[in-house]
Structures are given as structure tokens and as C-alpha cells.
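Order of appearance sets the numbers: ligands from 1, and atoms from 1 within every ligand. Here the structure is a predicted model, which is why all the values come from computation and not from measurement.
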Amino acid sequence: MSTSKIRRRLGWKIFISYLIVTLVGIIVLATAVRFITPAAYDRRAAILERVLQSAMNQPIGEVETQVINNFQAGLTESLLIALVAAVLVSVIVSLFVTRQVVAPVQEMLRASQRIADGHYDERVHVPGDVSTGELDELAELALSFNQMTARLERTETMRRQLIGDVAHELRTPLTAIKGSMEGLIDGVLPAEAETYQQIFIEADRMQHLVDDLQELSRVEAGAYELHLGPVAVAELVGTVIRRLERQFEEKGVHLETQVPERLPLVLVDEGRIIQVMVNLAGNALQYTPEGGRVCIGATATDSEVELWIQDDGIGLSADQLSLVFTRFYRVEKSRWRGMGGSGIGLTIAKHLVEAHSGRIWAESAGLSQGSTFHFTLPYA
Ligand code: ADP
């Protein structure tokens with residue numbers, strides 16, 4: 001058994017500490033006996049001398065009993081003293097060893113109580129060297145305790161941020177609706193179809209936001225099932241085109257495809273991947289001005305199929321590229337009113353692609369240079 005293996009096993013450590021306590025006890029016992037016996041012997045010898053002096057007049061049997069009794073008393077005396085010393089030392093060593101084992105557990109207990117009180121920044125000391133990986137079960141427990149706490153802290157921060165974001169996102173349309181209604185009540189706004197239409201549009205946006213939020217929470221919590229099956233990429237692209245054709249025509253944006261024939265089948269939940277593609281193609285349409293062009297394409301690589309949706313629209317700058325998949329991110333917050341939506345669509349798309357073990361990313365040569373959104377899907 002190598003020392004590193006022993007260092008990593010709590011059971012071995014406890015076993016060895018028992019062994020140490022026993023050995024220390026035996027050593028103290030033996031040493032004490034060695035030091036105490038001569039003194040005890042001297043005292044008993046003096047008594048024996050007196051016994052032997054008076055033995056001349058006593059029967060031999062009585063003398064023998066007295067000698068044996070004295071010898072036994074001497075032995076018991078030295079053994080008793082040695083035993084007390086051995087027990088004392090063993091207790092001290094055991095206390096020290098037990099503290100080593102119990103202290104981290106007590107620390108974790110205290111930390112978990114503080115976490116239960118909402119102090120998510122609490123961390124415990126990890127006994128041992130994390131860099132070498134030579135950690136026993138207690139150190140590993142402390143390590144995963146810290147990881148769990150860090151995760152809890154992240155979730156808590158996200159929860160707070162989400163509540164703030166949702167409140168902020170809802171406030172915009174609500175303020176607009178309230179403003180219009182006040183205008184109507186005060187007679188500042190005319191009670192005509194256009195005013196009601198404006199109120200309806202804001203209420204409709206709120207409805208969309210709430211629907212998106214519900215979908216986001218379901219996707220983030222993984223509260224949905226993927227019904228995976230082999231699907232042809234051309235079929236997916238065909239469905240997306242059929243769904244969006246009219247909207248492209250209405251806006252005057254040209255939609256084309258570049259899907260090679262005989263692409264291997266992909267293993268996906270058809271409905272979910274169509275949702276992702278409709279979202280990406282919908283964005284491409286949204287952010288491409290009239291007369292622009294959007295292309296949906298696919299390429300087969302060694303291990304997966306890569307799909308892409310390219311537009312020649314308003315494009316994205318380098319720092320915007322890294323943020324578009326963040327929830328509620330919109331390049332221009334004011335776009336809410338004119339174009340675009342809640343900034344949740346790409347977050348949902350990312351979750352869905354990753355649930356299929358795929359990757360999703362955006363590319364753009366810069367503002368006004370168009371953008372391309374890529375994602376990968378596994379082969380069936
Ligand atoms: P939204 O509902 O606002 O479109 P998304 O999550 O789908 O939300 O997109 C987030 C943001 O990313 C958008 O508000 C927009 O600023 C930017 N974006 C997405 N797709 C494109 C694109 N094809 N071209 C330029 N910007 C885009």
C-alpha cells in the first residue's frame with residue numbers, strides 16, 4: 001500500500017490512528033513498568049527482609065504465602081501505575097486524532113447552517129493539497145461542499161438578476177399601456193382605433209414576453225423531454241422555409257438554401273430544432289433590411305452536421321457577438337419598441353442546441369456586414 005493511497009483513504013487513516021494509539025499505550029505501559037518496577041521491588045524487598053527475619057520462628061507454608069503475596073502486590077502496584085499512565089497518554093493521543101477527523105465535519109456543519117441562513121459566500125477549508133489531487137474522503141467532501149456552495153451562490157445571483165430583468169422588461173410595455181390609458185381618461189389622446197391599436201400592440205408584446213419567459217424557465221430547468229429520432233436536414237430546412245416564406249416575401253427579403261444532397265441523417269427532436277431554426281431565420285429576417293438576402297445552409301463534417309443561417313443585414317460588432325446568447329440581451333435596448341423582441345430567443349436556442357450535444361455560435365465581419373449563426377447537430 002503506497003503512502004499516497006493511504007493519504008487518500010480516510011478508512012486507512014482511522015485504522016492507522018487506532019494502531020498508533022494502541023502502540024503508544026503499549027510503549028508507555030512497558031516504559032512505565034520498566035521504571036516503576038525497581039522502586040516497587042525495593043519497597044517490597046524491604047518488607048520481605050523483615051518477613052524473612054521473623055521467618056525463623058514461623059512455619060515454612062506461612063513464609064511462602066507472605067513472599068507470594070508481596071510479590072503479587074509489587075506487580076499489581078507497578079502495573080496499576082503503568083496502566084494509568086498508558087490510559088492517560090492514549091486518551092490525549094485519541095483526542096488529538098479525533099479532532100483531526102471531526103474538526104472539518106464540524107466546520108462543514110457550521111458552514112451549512114450559515115448557508116441555510118442565506119450566506120451563500122460561505123466556504124470551508126479543504127484539508128490537504130488540492131493541486132496534487134492527494135485528498136482523502138473528508139477533503140473531497142469539503143471540496144464538493146465548496147463547489148455546491150459556489151453553484152448555489154451563482155443560482156441565487158441569477159435568480160435575483162432574473163427577477164430584476166423581468167421587472168424591467170415588463171415595466172416598459174406596462175408604462176406605455178398605462179400612459180395611453182391615462183391619455184384616454186384625461187382626453188389628451190383621441191379615443192380612436194389607432195390609440196386602441198397601440199395599446200393592443202403593447203399588451204401583445206407583454207404576452208409574448210411572458211410566453212418567452214415561461215419557455216425559458218422550462219428550457220433552463222430542463223423540464224422538457226427530447227423525442228430524438230433520425231431526420232433529414234433537407235426536411236428540417238424545408239419546414240422552416242414553408243413557415244417563414246410569406247413573411248420574407250412581405251418584407252422583400254430574398255430567402256435561399258444551400259443544402260447538399262445526400263447529407264447523413266441527424267439525431268434530433270424535430271420540433272425543437274425547427275424552433276431553433278425558425279428563431280434564427282426569424283432574427284435574420286428581422287435584422288435584414290428590405291432587398292436583403294438570407295441563406296440557410298448545411299455542411300457535413302467528420303463528426304457532425306453544421307447548419308448556418310447567413311444574412312446581409314445590420315451585422316454585429318465583436319463585443320456584441322459574445323453577448324447575443326445572454327438572456328435579455330438586445331443590441332439596442334430601444335429596439336423593443338421598433339424591432340426585435342425580448343432578447344430571450346437566442347438563449348432558448350442555445351439551451352436547445354446544447355441539449356442535442358451541439359454547439360451554437362455567431363459570426364459577423366462587423367456592423368452593417370451581415371451575420372451568420374452556426375450550430376451543429378450529431379449524426380443519427
Ligand atoms: P430578440 O427577441 O430580441 O431577437 P434574441 O435572443 O433572438 O432576441 O436576439 C438577441 C439580440 O441579438 C437581438 O436583440 C439582436 O440585437 C441580436 N441579433 C440576433 N440575431 C441577429 C442578426 N441576425 N443580426 C443582427 N443582430 C442580431
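In summary, the atoms of ligand 1 found under 4.0 Å from a heavy atom of Ile344, numbered by their order in the structure, are 6 (O), 8 (O). Near Leu346, meaning under 4.0 Å from any of its heavy atoms, are these atoms of ligand 1: 5 (P), 6 (O), 7 (O), 9 (O), 10 (C), 12 (O), 19 (C). Each of the following atoms of ligand 1 lies closer than 4.0 Å to a heavy atom of Leu316: 25 (C), 26 (N). Residue Gly315 has at least one heavy-atom neighbour below 4.0 Å for each of these atoms of ligand 1: 25 (C).
When Asn283, Leu209, Thr347 are checked for heavy-atom proximity to atom 19 (C) of ligand 1, Asn283 turns out nearest. Among Phe373, Tyr329, Phe325, Tyr287, the residue whose heavy atom sits closest to atom 4 (O) of ligand 1 is Tyr287.
Remark: the backbone N or O of Leu228 is not paired with any side-chain donor or acceptor of Asp269 at under 3.5 angstrom. Under the 3.5 Å distance criterion, the side-chain polar atoms of Thr376 are matched with a main-chain donor or acceptor of Arg359. Proximity of a side-chain donor or acceptor of Ser371 to a complementary backbone N or O of Ser364 within less than 3.5 Å is not detected. For the pair Lys251 (side chain) and Thr288 (backbone), a donor-acceptor distance under 3.5 Å is present. Between the side chain of Gln310 and the backbone N or O of Ile296 there is no donor-acceptor pair closer than 3.5 Å. Side-chain atoms of Gln198 do not come within 3.5 Å of backbone N or O of Thr195 as any donor-acceptor pair.
Not one N or O of Gln286 is nearer than 3.5 Å to an N or O of ligand 1, by distance alone. Some N or O of Gly345 is nearer than 3.5 Å to an N or O of ligand 1, by distance alone. Backbone and side-chain nitrogen or oxygen atoms of Val324 are examined, and none is located within less than 3.5 angstrom of a nitrogen or oxygen of ligand 1. Where the criterion is an N or O separation shorter than 3.5 Å, residue side chain and backbone included, Val331 meets it with respect to ligand 1.
Residues Val253 and Glu290 approach most closely at CG2-CA, 4.4 Å, considering heavy atoms.
Contact analysis leaves Ala349 out of contact with ligand 1, as no non-hydrogen atom separation drops below 4.0 angstrom. Within the 4.0 Å heavy-atom shell around ligand 1 one finds Ser371.
The cationic atom of Arg272 (NZ for Lys, CZ for Arg) lies less than 6.0 Å from the six-membered ring centre of Tyr224 and within 45° of the ring axis.
With a heavy-atom cut-off of 4.0 Å, Asn279 touches ligand 1 through its side chain alone. At a 4.0 Å heavy-atom cut-off, ligand 1 does not touch Thr288 at all.
Partner Val278 forms a side chain to side chain contact (heavy atoms under 4.5 Å, CB included) with one of Thr239, Val240, Asn283 and no other, that one being Val240.
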